[in-house]
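Only one structure is covered here, and it is reproduced in the block below.
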Amino acid sequence: MTAEHTPAPMIVLKGMSKTFNRTIHAVRDVDLEVAEGEVVVIVGPSGSGKSTVLRCVNLLEIPTKGTVVVDGFDLTDASTDLDHVRAEVGMVFQQFNLFPHLTVLENITLAQRKVRNRSKAEATDMAMRQLDRVGIPEKAEAYPRQLSGGQQQRVAIARSLAMEPRVMLFDEPTSALDPEMVKEVLDVMLELASEGMTMVVVTHEMGFARAAADRLVFIDEGEIVEVGPPEEVFANPTQERTRAFFDKILY
Amino acid sequence: MNETKTAKGNRVTDERPWWDTFPWWAAIIIGVLLWMGWQILTNDNYELAWDRIIPGLSLTISATIQAFAFALVIALVVGIGQMSRNVVLRTMSRTYVEFVRGIPILPLIFTVALILVPEGTDAINGPLERWFGWELKLSFMMRAIVTLSLIYGAYMAEIFRGGIQSIPPGQTEAGRSLGLSRHQTMRSVVLPQAMRAIIPPLGNDFIAILKDTSLLSVLGVLEITQRARQFSASTFKFREGYFVVAFIYLVLTLGLSVLLGLLEKRMTRDRKGER
């Protein structure tokens with residue numbers, strides 16, 4: 001662990017475990033701190049629990065043990081207003097999850113208006129700025145089904161960004177995309193990282209990890225096996241399991 | 001080689017003759033309806049049956065609309081109640097639905113109209129009379145509407161539940177992850193999408209209620225089936241009485257089906273290509 005933690009950590013997971021049906025241990029005793037402005041990329045074999053870890057960060061999945069603290073709020077404390085904290089934590093899903101009955105613009109303004117109580121003009125203004133940022137302002141009036149996968153995912157990113165979150169979570173954002181659309185999404189994410197957004201990204205894109213990650217986290221069987229700067233972990237994995245994984249996927 | 005050929009023509013074509021694709025069933029039904037209409041207009045016996053039965057139409061229609069309206073309210077509450085986090089609410093909803101769905105309509109009508117409603121009103125009439133000097137008396141028409149509402153409330157609750165559950169969980173997750181509350185997510189994200197899955201089967205149940213109002217004849221409600229029974233029994237003109245009542249039901253249900261079909265067509269056109 002070489003990353004220095006100058007400011008207060010944005011995300012603190014302590015002794016976090018998630019068990020399904022009391023028998024399936026998806027996540028075991030995970031400890032992880034993410035500093036403000038840091039980009040952490042989580043990799044690991046499918047079924048290793050990396051998505052579950054991510055989903056526990058905004059409590060879409062409720063941990064069965066341990067604590068989750070985001071931006072100083074203890075989400076595992078029942079008195080914490082989850083909706084309030086979730087508005088500060090953007091999430092991008094593998095399947096985009098745009099609202100199909102709403103236009104792109106309405107997708108981006110809905111939560112701004114209902115959660116942030118912005119006026120229609122303010123919300124629209126913010127939506128257009130985010131659409132500019134992801135490069136598709138001309139699609140504002142389109143419906144999600146009229147967009148390509150890459151465009152849909154960029155709208156999903158814009159939808160999250162419009163809430164001005166403190167953290168962005170990405171759950172395999174390019175895994176459902178056709179190969180030619182992967183880059184346009186990764187480019188947006190890379191730019192976001194360079195602007196200093198705190199990001200936790202679950203992905204199989206090792207190129208992105210190399211280019212953007214401050215730290216790489218390797219998870220296997222629900223446990224954090226290895227953490228470190230991506231070049232180091234790629235070049236000299238200290239654990240046998242990490243080495244075996246990279247041997248399988250790096251071409 | 002020739003003896004292996006059993007049919008003429010070429011299989012490799014996508015042209016089918018007009019008589020293969022023509023909607024014969026519609027032609028047959030329209031033909032029958034036209035013939036019935038002609039009988040009613042020209043045949044004195046059919047005209048007599050028509051005149052005796054048609055005054056019941058307003059009861060049939062008003063029972064249908066009232067039962068559907070009450071059932072809608074019950075269904076929305078119970079449908080969402082079944083998915084509630086509250087175990088009492090969930091259990092009550094589920095129990096009610098399973099009870100009603102497991103019993104045929106006819107015994108349910110007798111049970112509700114002859115036992116539950118009288119005993120229920122008896123129970124509250126004591127206090128009502130003492131405090132307000134007034135008694136609640138439900139006519140058989142009202143009891144019948146209560147019964148149909150309870151029955152279809154349970155059927156339609158399943159439609160609501162199914163419609164809501166057909167929306168992928170990712171939609172709720174996306175809403176919640178943006179900071180929308182459970183309630184806001186249900187109202188702005190899930191329900192608008194679920195309505196597309198809910199409206200067509202609700203329409204079918206509206207038609208089913210219309211047909212099932214005929215069962216109210218067992219309670220002596222003077223809707224069209226009861227009038228057809230009375231007419232036939234008193235004149236021995238069974239053919240005329242029951243043909244006319246069948247004709248009225250067919251016109252109503254087919255008309256509603258056509259309307260419903262148009263509505264569905266519009267809805268599927270709107271969502272073409274959607275995931």
Side-chain angles (χ1 to χ4, degrees), chain A residues 51 54-55 57-62 81-102 106-117 142-149 152 155-171 176, chain B residues 76 79-80 83-88 90 159-203 260 262-275:
Chain A
S51 284
L54 194 73
R55 290 161 58 85
V57 173
N58 65 354
L59 251 67
L60 277 186
E61 218 70 77
I62 298 172
D81 180 2
L82 272 186
D83 294 337
H84 175 78
V85 181
R86 281 189 180 133
E88 310 292 334
V89 182
M91 180 138 188
V92 175
F93 300 86
Q94 182 176 354
Q95 296 296 339
F96 328 135
N97 294 349
L98 293 179
F99 307 134
H101 61 301
L102 301 178
E106 288 164 343
N107 262 277
I108 307 178
T109 53
L110 177 71
Q112 289 192 67
R113 304 206 52 197
K114 302 226 174 227
V115 180
R116 294 276 189 242
N117 292 318
Y143 280 89
R145 60 175 180 271
Q146 298 166 317
L147 305 182
S148 71
Q152 289 193 44
V155 171
I157 294 173
R159 180 174 69 176
S160 284
L161 290 177
M163 299 296 286
E164 300 178 285
R166 311 261 289 139
V167 184
M168 285 287 285
L169 309 176
F170 293 85
D171 188 3
Chain B
L76 187 60
I80 292 178
M83 292 176 290
S84 166
R85 283 183 300 180
N86 182 321
V87 63
V88 177
R90 213 168 52 222
I159 294 175
F160 275 96
R161 186 171 68 102
I164 289 169
Q165 287 181 340
S166 73
I167 304 304
Q171 290 291 310
T172 305
E173 288 177 358
R176 297 308 302 280
S177 77
L178 287 165
L180 295 170
S181 67
R182 273 171 68 91
H183 179 81
Q184 287 171 326
T185 305
M186 180 57 81
R187 232 195 58 177
S188 303
V189 176
V190 177
L191 271 183
Q193 296 182 61
M195 286 322 283
R196 291 182 161 159
I198 287 171
I199 288 174
L202 278 190
L260 206 61
L262 291 176
L263 187 71
E264 267 176 67
K265 211 173 196 172
R266 244 180 81 173
M267 280 174 21
T268 45
R269 189 194 56 203
D270 286 349
R271 63 178 300 174
K272 210 167 250 172
E274 199 170 279
R275 274 193 304 123

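Numbered from 1 within each chain, the chains take letters A, B, ... in sequence-line order. Everything numeric here is computed off the predicted structure, so don't read it as measured data.
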Q | B/L178/A/R159 under side-chain contact (heavy atoms from CB on, under 4.5 Å): CA gap, chis, key distance, verdict | A | CA-CA 8 Å; B/L178 287 165; A/R159 180 174 69 176; 3.7 Å; yes
Q) Taking the side chain from A/H101 and the backbone from B/V190, do they hold a donor-acceptor pair closer than 3.5 Å? A) no
Q. Is the side chain of A/N97 donor-acceptor paired with the backbone N or O of B/Q171 at a distance under 3.5 Å, no angle test?
A. no
Q: Please state whether the side chain, the backbone, both or neither of A/R116 comes within less than 4.5 Å of a heavy atom of chain B.
A: neither
(Q) Under 4.5 Å from any heavy atom of chain B, what part of A/F99 do you find: side chain, backbone, both or neither? (A) both
Q.
If you count every heavy atom of other residues, nucleotides or ligands that lies below 6.0 Å from B/R187 atom CZ, does the total exceed 12?
A. no
Q.
Counting only heavy atoms from other residues, nucleotides and ligands, does the tally under 6.0 Å from CG of B/L263 exceed 12?
A. yes
Q) Is any side-chain heavy atom of A/R55 closer than 4.5 Å to a side-chain heavy atom of B/E173? A) yes
Q | Side-chain heavy-atom pair A/L110, B/S188 within 4.5 angstrom cut-off | A | yes
**Q.** Contact class of B/Q184 relative to chain A, heavy atoms under 4.5 angstrom
**A.** side chain
Q. When rounded to the nearest 0.5 angstrom, what is the spacing between OG in B/S177 and CG in A/L59?
A. 12.5 Å
Q. Does the pair B/R182/A/D83 count as a salt bridge with the N-to-O cut at 4.0 Å?
A. no
Q) Who wins among B/L180, B/T172, B/I167 for the most heavy-atom pairs under 4.5 Å with chain A? A) B/L180
